[in-house]
Amino acid sequence: MWWMMNEGGGHYCSKKSDDICGDVCGQESSRLSMSRIRCILRGIDFKTYIFVFVMIPTCIFGVYLHGQKISYFLRPLWESPPKPFHDIPHYYHENVSMETLCKLHGWGIREFPRRVYDAVLFSNEVDILTLRWQELYPYITQFVLLESNSTFTGIPKPMVFASNRDQFKFVEPRLTYGTIGGRFKKGENPFVEEALQRVALDQLLKIAGITDDDLLIMSDVDEIPSRHTINLLRWCDDIPQVLHLRLKNYLYSFEFLVDNNSWRASVHRYQTGKTRYAHYRQSDEILADAGWHCSFCFRHISEFIFKMKAYSHNDRVRFSHYLNPKRIQRVICKGADLFDMLPEEYTFKEIIGKMGPIPHSYSAVHLPSFLLENADKYKFLLPGNCMRESG
C-alpha cells in the first residue's frame, strides 16, 4: 500500500519535495550525507545566513573586546556596596589654635605630641615620594621605606630609591631604609608578593624603633596625607585607634580630580603584637578632606608603561597596544582611562555619572606647598601641563 514502507525498508516522504530532498528521504536517517546538508541549507533564507555568518561572530568579537566593560557595568547586579564609613568632619585653619581644633573634633589636647612613623613600599615613584616627604617632613619622627628588586608581578626591577638616594638627603638622619629580594614567580597572584613585602615592612618598623601609641601612617607613596592632618592627630588625645583618611582622588596630575573617595590610607596608634601593616579597610572611622591621592602621576611615559605592567592589577593590560606611548599620551591629555575600563562603582547612577573622560580642573588651591614652591620643576602635575617626557 502507498502508506506503508516499501519492502526495502525505505521511509515514506509525507511532503512533496524536490529531487534533492526526494533523494534524501530515501536515505537512512542516521546517515548525514552532503545532500542532506544541502537540503537543510536550501531551506534557510538570506537573512538567516547574515545572522549566522556575520552577526554571531561580530557579537562574539564584541564580547571579547568589551567583556570587561560589560562586567563592570553590571557590577550593581552581582556585588553589593561596602558598608559606609562614619565620616568625621575635619576642622582646620592656620590661625586657629591646636587646642581649639582638637576640641572641635571632640578630642582632648596632649601635653606633648606623639611620635609619627611614615612607612611605605617603594617601586619607582621618585617625584611623588619627594612631594610626600617634603609635605610630611616637619612632623615625622622616622621615615621607613622598603624597596624590592622585584615588582609585585615578578618582574625584575632596579633599586630606584638606592640609585636616587642623594635626592633625599634632607630626610637621611631620620630614614630607615630596607631592601628585600623578590621571588620572581611569574604567573602567581601579584597580591601574594605584595603581602610578603608588607610583612617585611612590619619587621623594618620594629628596627626603626616604633613603640606603643606612636602614630603609624599606612599608605601607598601616592596617597599623601596633608601636613596639618598629621599635626592634628599627633597633638590630639583620644583619637580612634585606627582612622582612615579620606583623600581627594586625582589621576595623572592635579588637573584631573576624580572624586573625594580615596579611603585606603590610614593612621594607627601602634600596638605591639597587634598592629599589622596593610592596605585594606581596617576601621569604620574616616577623617574627611585629609590629603591627596595622585595615581599614575608620573613625569615620563616610560614610568606609566612600567607601572601598567608591574602593579597588582596588571591583568588590566588586555591588549599590547595599551602600552603604546602615543596612545598613553593621548589618554593622559584627554583624562580618559589607560585600561579602557568603566568606573569601579556599585550603582548604575554612579557608573553612568562617571563614564567618559574626567573633566579638567583649573584649581591649584590647597595642594602640597612644596609643589607650588617648585612649580617649574613639577609643572607636569599642575593644570594645563598634560604633556609628558618621552624618556
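Excluded from the calculations below are hydrogen atoms, water molecules and symmetry mates; all remaining heavy atoms, backbone and side chain alike, are included.
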Item to complete: Quick one: do Ser123 and Glu303 satisfy side chain to side chain contact (heavy atoms under 4.5 Å, CB included)? Show the steps, please.
Response: CA-CA 10 Å; Ser123 178; Glu303 294 174 289; over 6 Å; no
Worksheet item: Is the closest side-chain heavy-atom distance between Ile351 and Thr347 below 4.5 Å?
Response: no
Item to complete: Run the numbers on Ile286 and Ile88 for side chain to side chain contact (heavy atoms under 4.5 Å, CB included), then give the verdict.
Response: CA-CA 6 Å; Ile286 191 167; Ile88 299 175; over 6 Å; no
Worksheet entry | Exercise: identify the closest heavy-atom pair between Val120 and Leu129 | CG2-CD1, 4.5 Å
Worksheet item: Which value, rounded to the nearest 0.5 Å, describes the distance between Arg281 atom CZ and Ser266 atom OG?
Response: 12.0 Å
Worksheet item: Which value, rounded to the nearest 0.5 Å, describes the distance between Gln134 atom CD and Arg227 atom CZ?
Response: 8.5 Å
Worksheet item: Are any of the side-chain heavy atoms of Asn189 and Val192 separated by less than 4.5 Å?
Response: yes
Worksheet item: Is there a side-chain contact between Phe296 and Leu338, using heavy atoms and a 4.5 Å cut-off?
Response: yes
Worksheet item: Does some side-chain heavy atom of Thr211 sit less than 4.5 Å from a side-chain heavy atom of Tyr270?
Response: no
Worksheet item: For Arg316 and Glu344, what are the C-alpha separation, side-chain angles and deciding distance, and is it a salt bridge (Lys or Arg N to Asp or Glu O under 4.0 Å)?
Response: CA-CA 13 Å; Arg316 295 176 178 177; Glu344 298 182 75; 3.2 Å; yes
Worksheet item: Is Lys354 salt-bridged to Asp259, cutoff N-O under 4.0 Å?
Response: yes
Worksheet item: So, do Trp235 and Glu99 sit near enough that their side-chain heavy atoms are less than 4.5 Å apart?
Response: no
Worksheet item: Between atom NE2 of His228 and atom OG of Ser226, what is the distance when rounded to the nearest 0.5 Å?
Response: 3.5 Å
Worksheet item: Under the 3.5 angstrom rule, does the side chain of Glu255 hit a backbone N or O of Ala364 as a donor-acceptor pair?
Response: no
Fill in: Aromatic contact, His293 with Tyr250 (centres under 6.0 Å)
no
Worksheet entry | Spatial distance of atom CG (Asn231) from atom OH (Tyr92) [nearest 0.5 Å] | 8.5 Å
Worksheet item: Looking only at heavy atoms, what is the nearest atom pair of Leu145 and Leu204, with distance?
Response: O-CD2, 3.4 Å
Worksheet item: Any sub-3.5 Å donor-acceptor pair from Tyr277's side-chain atoms to Ala119's backbone N or O?
Response: yes
Fill in: Inter-residue atom distance Asp127.CG - Asn124.CG, 0.5 Å rounding
10.0 Å
Discussion item. Strictly distance-based, threshold 3.5 Å: is any side-chain N or O of Gln241 a donor or acceptor partner for the main-chain N or O of Arg269?
Written reply: yes
Discussion item. Using 30° and 60° as the class boundaries, would you call the ring planes of Tyr322 and Phe319 parallel, tilted or perpendicular?
Written reply: perpendicular
Worksheet item: How many angstroms lie between atom CG of Asp284 and atom CG of Asp87, to the nearest 0.5 angstrom?
Response: 11.0 Å
Practice prompt. For the residue pair Leu243 and Leu233, establish whether any side-chain heavy-atom pair is separated by less than 4.5 Å.
Written response: yes
Worksheet item: So, the side chain of His244 versus the backbone of Gln282: is there a donor-acceptor pair under 3.5 Å, distance only?
Response: yes
Discussion item. Within the 3.5 Å criterion, strictly below it, is a donor on Tyr139 or Arg234 matched to an acceptor on the partner's side chain?
Written reply: no
Worksheet entry | Matching residue for Arg114 among Asp214, Asp212, Asp237 - test: salt bridge (Lys or Arg N to Asp or Glu O under 4.0 Å) | Asp237
Discussion item. Parallel, tilted or perpendicular: which one describes the rings of Tyr177 and Phe161, with boundaries at 30° and 60°?
Written reply: tilted
Worksheet item: Using 30° and 60° as the class limits, which term best fits the ring planes of Trp263 and Phe85: parallel, tilted or perpendicular?
Response: tilted
Practice prompt. Taking Thr100 for its side chain and Val96 for its backbone only, find out whether a donor-acceptor pair lies under 3.5 Å.
Written response: no
Item to complete: May I ask you to check whether Arg388 and Tyr252 show a side-chain donor-acceptor distance below 3.5 Å?
Response: no
Fill in: Modelled atom types, side-chain donor and acceptor of Ser150 and Ser148, under 3.5 Å
no
Worksheet entry | Intermediate values then yes/no, side chain to side chain contact (heavy atoms under 4.5 Å, CB included), Tyr137 and Phe143 | CA-CA 9 Å; Tyr137 180 80; Phe143 295 92; 4.1 Å; yes
Worksheet item: Are Arg110 and Asp213 ion-paired here, with the side-chain N under 4.0 Å from a carboxylate O?
Response: yes
Practice prompt. Just do the side chain to side chain contact (heavy atoms under 4.5 Å, CB included) check on Lys185 and Glu193 with the steps written out, would you?
Written response: CA-CA 9 Å; Lys185 292 188 176 182; Glu193 182 70 30; over 6 Å; no
Response to the item:
Correct closest heavy-atom pair for Ser253 and Cys297 would be N-SG, 3.5 Å
Discussion item. Could you check whether any side-chain heavy atom of Ile210 comes within less than 4.5 Å of a side-chain heavy atom of Leu216, counting everything from C-beta outward?
Written reply: yes
Discussion item. Quick one: does any side-chain atom of Arg174 pair with a main-chain N or O of Ile140 as donor and acceptor, under 3.5 Å?
Written reply: yes
Worksheet item: Closest heavy-atom contact between Asp222 and Ile128?
Response: CA-CG2, 3.6 Å
Fill in: Donor-acceptor contact present, side-chain Trp292 to main-chain His366, <3.5 Å
yes
Discussion item. With clusters defined by side-chain heavy atoms of hydrophobic residues (ILVMFWY) lying less than 4.5 Å apart, directly or transitively, does Leu121 cluster with Val267?
Written reply: no
Practice prompt. Decide salt bridge (Lys or Arg N to Asp or Glu O under 4.0 Å) for Arg75 and Glu345; before the verdict, give the C-alpha distance in whole Å, the side-chain angles of both, and the deciding distance to 0.1 Å.
Written response: CA-CA 8 Å; Arg75 187 178 190 177; Glu345 300 296 344; over 6 Å; no
Worksheet item: Without hydrogens or angle criteria, can the side chains of Gln142 and Thr176 be said to hold a donor-acceptor pair below 3.5 Å?
Response: yes
Item to complete: Look at the side-chain heavy atoms of Ile, Leu, Val, Met, Phe, Trp and Tyr, link any pair under 4.5 Å apart, and say whether Ile155 and Met159 land in one connected group.
Response: no
Discussion item. When you measure from the side chain of Thr141 to the backbone of Val116, do you find a donor-acceptor pair of N or O atoms at a distance under 3.5 Å?
Written reply: yes
Worksheet item: Quick one: do Leu136 and Phe170 end up in the same hydrophobic cluster if we chain Ile, Leu, Val, Met, Phe, Trp and Tyr together by side-chain heavy atoms under 4.5 Å apart?
Response: yes
Item to complete: Could you tell me which non-hydrogen atom of Pro240 sits nearest to which non-hydrogen atom of Trp107, and how far apart they are?
Response: CD-CZ2, 3.9 Å
Worksheet item: Near Lys157 NZ, under 6.0 Å, is it more than 12 heavy atoms from other residues, nucleotides or ligands?
Response: yes
Discussion item. I'd like to check Gln167 versus Asn164 (side-chain heavy atoms, cut-off strictly below 4.5 Å). Are they in contact?
Written reply: yes
Item to complete: Apply the test salt bridge (Lys or Arg N to Asp or Glu O under 4.0 Å) to residues Arg198 and Asp220: give CA-CA distance (whole Å), side-chain angles for both, the deciding distance (0.1 Å), then the verdict.
Response: CA-CA 11 Å; Arg198 295 190 189 281; Asp220 286 349; 3.5 Å; yes
Worksheet item: Does Asn149 use its side chain to pair, donor to acceptor, with the backbone of Gly182 at less than 3.5 Å?
Response: yes
Item to complete: With Glu223 as reference, evaluate His279, Arg132, Arg264 under the side chain to side chain donor-acceptor pair (under 3.5 Å) test and give the passing residue.
Response: His279
Worksheet entry | Under 3.5 Å: donor-acceptor pair, side chain of His90, backbone of Asp289 | yes
Practice prompt. Might you point out which heavy atoms bring Cys333 and Met387 nearest each other, and give the distance in Å?
Written response: SG-SD, 3.8 Å
